[in-house]
Each structure stands twice: as C-alpha cells, then as structure tokens.
Colleague: 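Got a structure for you, written out below as structure tokens; questions coming shortly.
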Amino acid sequence: MPILRNTLRRLRTALGNHAAKRRMYAELESCDPHTLKDIGLRWERGKLVPLNPESQRPDIAYRKTEESAETPDVCPRCGTRLT
C-alpha cells in the first residue's frame, strides 16, 4: 500500500505542477513582446526562452579563469564532474 500511496502522491504533485506551468504560459501568451523583453524572456518557435541564456547559470558563465584552470575535470556546459 505505501507504494500505491507514494505513486498517487507523486502523480498528484506532477499534475499540479503541470497545471501551474500551463497557467503561467497562458498568462505570458497575452503579454506583448516589449513586456516579455522587460522580464527577460522571448518566444522562439512557440517556446519561452531567456533573452540571455548564459545569465541563467551565473556560476558557470562568470567563473573566474583561475578556478577553471584548477578544475579541468568539470563540464563547462553543466558544471558536473567528469570521471
């Protein structure tokens, strides 16, 4: 029974998250491009994308050169350790 209960809880959470995301997109679809630009977003091929994708990961985009030279075993794109 705990497996069924956990599964139902996860399904309810996923449905709630999906509904919230759809509401957010519905609200943003009514915004004009100037308002979206002020927020830092734009529509591209029917999807919301940030104006400056590098600014979404400041820990990677603004990494010091000394730090990146010391840790060459880190993926430059996502920051995970390479083995």
Side-chain angles (χ1 to χ4, degrees):
M1 289 311 257
I3 295 173
L4 179 62
R5 190 176 315 135
N6 288 339
T7 303
L8 289 175
R9 184 174 356 123
R10 292 165 100 188
L11 180 62
R12 184 178 56 201
T13 303
L15 288 174
N17 291 342
H18 179 71
K21 192 173 185 179
R22 287 192 48 91
R23 281 191 303 270
M24 180 192 68
Y25 276 113
E27 290 173 3
L28 290 174
E29 282 178 347
S30 65
C31 294
D32 60 30
H34 297 291
T35 305
L36 288 176
K37 186 176 180 183
D38 290 341
I39 298 171
L41 299 172
R42 64 184 163 96
W43 285 105
E44 184 175 292
R45 297 182 185 159
K47 294 178 79 177
L48 272 175
V49 294
L51 286 175
N52 188 1
E54 289 86 25
S55 68
Q56 297 300 311
R57 293 291 309 264
D59 57 327
I60 294 173
Y62 302 112
R63 185 179 301 165
K64 296 177 183 176
T65 56
E66 303 86 37
E67 183 180 295
S68 63
E70 293 174 359
T71 57
D73 58 340
V74 175
C75 177
R77 180 166 288 186
C78 65
T80 57
R81 287 213 170 267
L82 303 174
T83 56

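Heavy-atom basis, side chains included; hydrogens, waters and symmetry copies ignored.
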Colleague: Just verifying a value: how many Å separate Leu28 CG and Thr35 OG1, rounded to the nearest 0.5 Å?
Modeller: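 Taking CG in Leu28 and OG1 in Thr35, the distance rounds to 10.0 Å.
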Colleague: Looking at CE of Met24 and CG of Leu48, how far apart are the two atoms once the value is rounded to the nearest 0.5 Å?
Modeller: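 So the gap between those two atoms works out to 6.5 Å.
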Colleague: To the nearest 0.5 angstrom, please state how far the CG atom of Leu51 sits from the CG atom of Asp38.
Modeller: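 Reported value, rounded in 0.5 Å steps: 9.5 Å.
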Colleague: Count the heavy atoms belonging to other residues, nucleotides or ligands that lie under 6.0 Å from CD1 of Ile3, then report whether that count exceeds 12.
Modeller: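 Open.
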Colleague: Does Asn6 have any side-chain contact (heavy atoms from CB on, under 4.5 Å) partners at least two apart in sequence or in another chain, and if so, which?
Modeller: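 Checked Asn6 against side-chain contact (heavy atoms from CB on, under 4.5 Å); matches are Arg9.
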Colleague: If you round to the nearest 0.5 Å, how far is SG of Cys31 from CG of Leu41?
Modeller: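 Answer rounded to 0.5 Å: 9.5 Å.
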Colleague: Indicate, with yes or no, if Leu36 and Val49 share a hydrophobic cluster defined by side-chain heavy-atom contacts under 4.5 Å among Ile, Leu, Val, Met, Phe, Trp and Tyr.
Modeller: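 Not linked; separate clusters.
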Colleague: If a pair satisfies side chain to side chain donor-acceptor pair (under 3.5 Å) and one of its residues is in residues 10-29, list it, with sequence neighbours excluded.
Modeller: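 Not a single pair qualifies under side chain to side chain donor-acceptor pair (under 3.5 Å).
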